[in-house]
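Have a look at the structure below, then the notes.
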2 protein chains.
Amino acid sequence: MAAQKKSKDADSPVLWERLERPAAAPRASLTPQKIAAVAVRVADAEGFAAVTMRRLATELGVAPMAAYRHVSGKDDLWALMVDQVTAEVAVPDEVTGWRDSLRAYALANRAMMLRHPWLAQLPTPHFVLTPNRMAAAERQLAALDGHGMDTDTMMAAFRAVNAYVHGAAQSEVALRQYMEDNGWASGDETRRALAPQMTYLMETGRYPTYRRYALGAGRKDDAAWQFETGLDYVLDGIAVRIDG
Amino acid sequence: MAAQKKSKDADSPVLWERLERPAAAPRASLTPQKIAAVAVRVADAEGFAAVTMRRLATELGVAPMAAYRHVSGKDDLWALMVDQVTAEVAVPDEVTGWRDSLRAYALANRAMMLRHPWLAQLPTPHFVLTPNRMAAAERQLAALDGHGMDTDTMMAAFRAVNAYVHGAAQSEVALRQYMEDNGWASGDETRRALAPQMTYLMETGRYPTYRRYALGAGRKDDAAWQFETGLDYVLDGIAVRIDG
DNA sequence: ATTGGGATGCGTACAACGTACACGTCGCTG
DNA sequence: CAGCGACGTGTACGTTGTACGCATCCCAAT
């Protein structure tokens with residue numbers, strides 16, 4: 001039953017093939033960082049779904065399986081991608097005071113997430129214990145220190161800001177993506193497209209307060225204002241524990 | 001060129017096969033709701049990854065492609081799943097006052113997300129305009145109404161709570177999953193496992209404030225306290241605009 | 001100089017997935 | 001009872017993640 005072994009050894013019939021080989025590949029061309037960098041570039045440009053191991057391989061000019069020597073799989077890759085973009089979030093040293101510091105951190109974080117929308121679609125926030133994250137935490141905890149909060153409370157404050165920022169940025173990204181997927185370029189256009197469903201819902205009479213918002217609000221498309229307003233709530237709430 | 005048509009008609013050689021057929025399938029056994037319900041059950045029990053079209057089919061006792069008559073694909077399915085669990089978040093009518101109302105909403109939402117951890121891993125929050133979501137929004141906006149905020153501000157407050165809840169619950173789920181994936185059952189066990197990395201980081205001397213937290217904090221494992229403390233920040237921040 | 005071994009990249013291969021498409025089969029309505 | 005639309009089935013294709021063994025290279029010790 002044993003079929004003859006595939007013979008592609010030395011003097012095989014297709015010897016000439018061997019002359020076509022890349023001959024002497026430059027070694028150590030791959031590193032986890034390079035792979036992650038390419039992955040981030042692809043994700044930024046074409047979305048999360050475009051990041052496949054094969055795609056990265058071709059992008060790196062390398063065989064499909066090559067990357068597996070450096071990352072154990074997609075999970076690893078995601079963690080590296082997250083770590084890389086996390087490094088982009090920095091608060092300048094000039095910023096002092098707990099409130100300015102947290103605020104700058106939040107804004108930088110939002111900007112980063114809007115630059116890398118795929119972050120919001122990662123299977124699970126790979127928050128792991130990375131130096132970049134630790135540095136951010138230390139910076140903010142230090143800013144909160146010395147105002148009479150115990151360490152638990154300080155961490156809770158930092159966490160609260162983080163949670164808000166993450167949630168708000170995520171919903172912002174989701175809205176943008178939803179609009180893009182449907183080809184709606186502006187808030188007005190979106191509302192026009194959604195008008196039928198909306199008027200149907202409104203005519204049930206069950207949403208009077210929402211109706212007033214839909215008709216009368218003026219900041220419906222001002223994502224930055226919405227983000228900062230919400231952020232101010234969080235910061236004000238922290239201020240109550242600190243200053244008051 | 002046309003090859004002979006596949007003949008599995010009436011008097012085919014394998015006539016007997018036909019006797020094995022399910023004979024008279026009860027009709028209209030599938031509905032989008034039933035499909036979504038099964039999907040939610042599978043996701044709850046075995047995680048997001050276990051929800052495949054084929055799995056749902058076998059679970060429903062039906063051929064792999066059957067479900068596609070009722071949902072256009074996975075995206076549709078996800079939207080239905082989200083809508084279904086969204087219905088679980090309800091604030092009892094007895095609850096009055098903007099703060100109690102928002103608080104109850106937030107807690108119910110967190111509980112729901114912990115019951116359905118896969119929600120945090122959905123490719124993108126399918127927040128769409130569903131009746132369930134509209135009802136929740138109306139309820140909270142109404143609670144916020146009559147305190148001198150304009151509609152933009154009211155919506156910003158609701159959104160802020162939503163963003164915080166979503167972000168906080170998501171990170172809570174992520175932590176749980178991370179621990180589960182590594183087989184760590186408690187916070188202590190987790191810290192023991194992570195101790196090497198942690199002491200390494202601490203010995204760099206770059207994280208003094210974090211160090212104090214790691215050594216001295218007492219609420220590190222009290223997820224509910226952390227959630228509610230952060231929530232109180234948000235609510236306090238809103239209170240500033242309302243009460244004074 | 002030789003040679004061995006560990007690190008790196010390649011090729012093949014497989015199972016599982018989403019889903020397109022054409023087909024049988026049912027129940028209802030004329 | 002004829003036919004038509006809704007429903008479930010079967011087959012099939014392209015894509016994905018990745019296991020596994022082999023080929024090749026660099027470096028170090030002889």
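Rounded to whole Å, the distance from CZ on R69(B) to P on dT25(C) is 15 Å. Distance CH2 (W78(A)) to P (dG17(D)): 8 Å, rounded to an integer number of Å. Distance L60(A) CG to dC10(C) C1': 15 Å, rounded to the nearest Å.
An angle of 10°, rounded to 10°, separates the two end axes of the helix from dA1(C)-dT30(D) to dG30(C)-dC1(D), each defined over five pairs.
Taking NZ of K220(A) as the start and CZ of R191(A) as the end, the distance is 5.0 Å to the nearest 0.5 Å.
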(message) Walk me through whether Y178(A) and N182(A) qualify under side-chain hydrogen bond (donor to acceptor under 3.5 Å, both in side chains).
(response) CA-CA 6 Å; Y178(A) 187 54; N182(A) 289 279; 4.8 Å; no
(request) Start with the C-alpha distance between M179(A) and L175(A), add both sets of side-chain angles, then the distance that settles side chain to side chain contact (heavy atoms under 4.5 Å, CB included), and finish with yes or no. (result) CA-CA 6 Å; M179(A) 289 171 59; L175(A) 176 58; 4.1 Å; yes
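Residues M198(A) and Y210(A) form a side-chain contact, since some pair of their non-hydrogen atoms from C-beta on lies under 4.5 Å apart.
Under 4.0 angstrom from either OP1 or OP2 of dA7(C) there lies no side-chain N or O belonging to H70(A).
Taking the charged nitrogens against the carboxylate oxygens, R55(A) and E59(A) do have a contact shorter than 4.0 Å, which makes a salt bridge.
Using a 30° and 60° split on the angle between ring planes, Y164(A) and F227(A) fall in the tilted class, from 30° to 60°.
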Could I get a table of every N or O pair under 3.5 Å where one atom is in the protein and the other is in nucleotides 17-19 of chain C?
| from | atom 1 | to | atom 2 | distance (Å) |
| --- | --- | --- | --- | --- |
| dG18(C) | OP1 | K74(B) | NZ | 2.8 |
| dG18(C) | OP2 | M53(B) | N | 3.0 |
| dG18(C) | N7 | R54(B) | NH1 | 2.5 |
| dG18(C) | O6 | R54(B) | NH2 | 3.0 |
| dT19(C) | OP2 | Y68(B) | OH | 3.0 |
| dT19(C) | OP2 | K74(B) | N | 3.3 |
| dT19(C) | O4 | R54(B) | NH2 | 3.4 |

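The 12-atom threshold is not exceeded at CZ of R206(B), counting heavy atoms of other residues, nucleotides or ligands nearer than 6.0 Å.
Scanning for side chain to side chain contact (heavy atoms under 4.5 Å, CB included) contacts around R211(A) gives M202(A), L215(A), with sequence neighbours left out.
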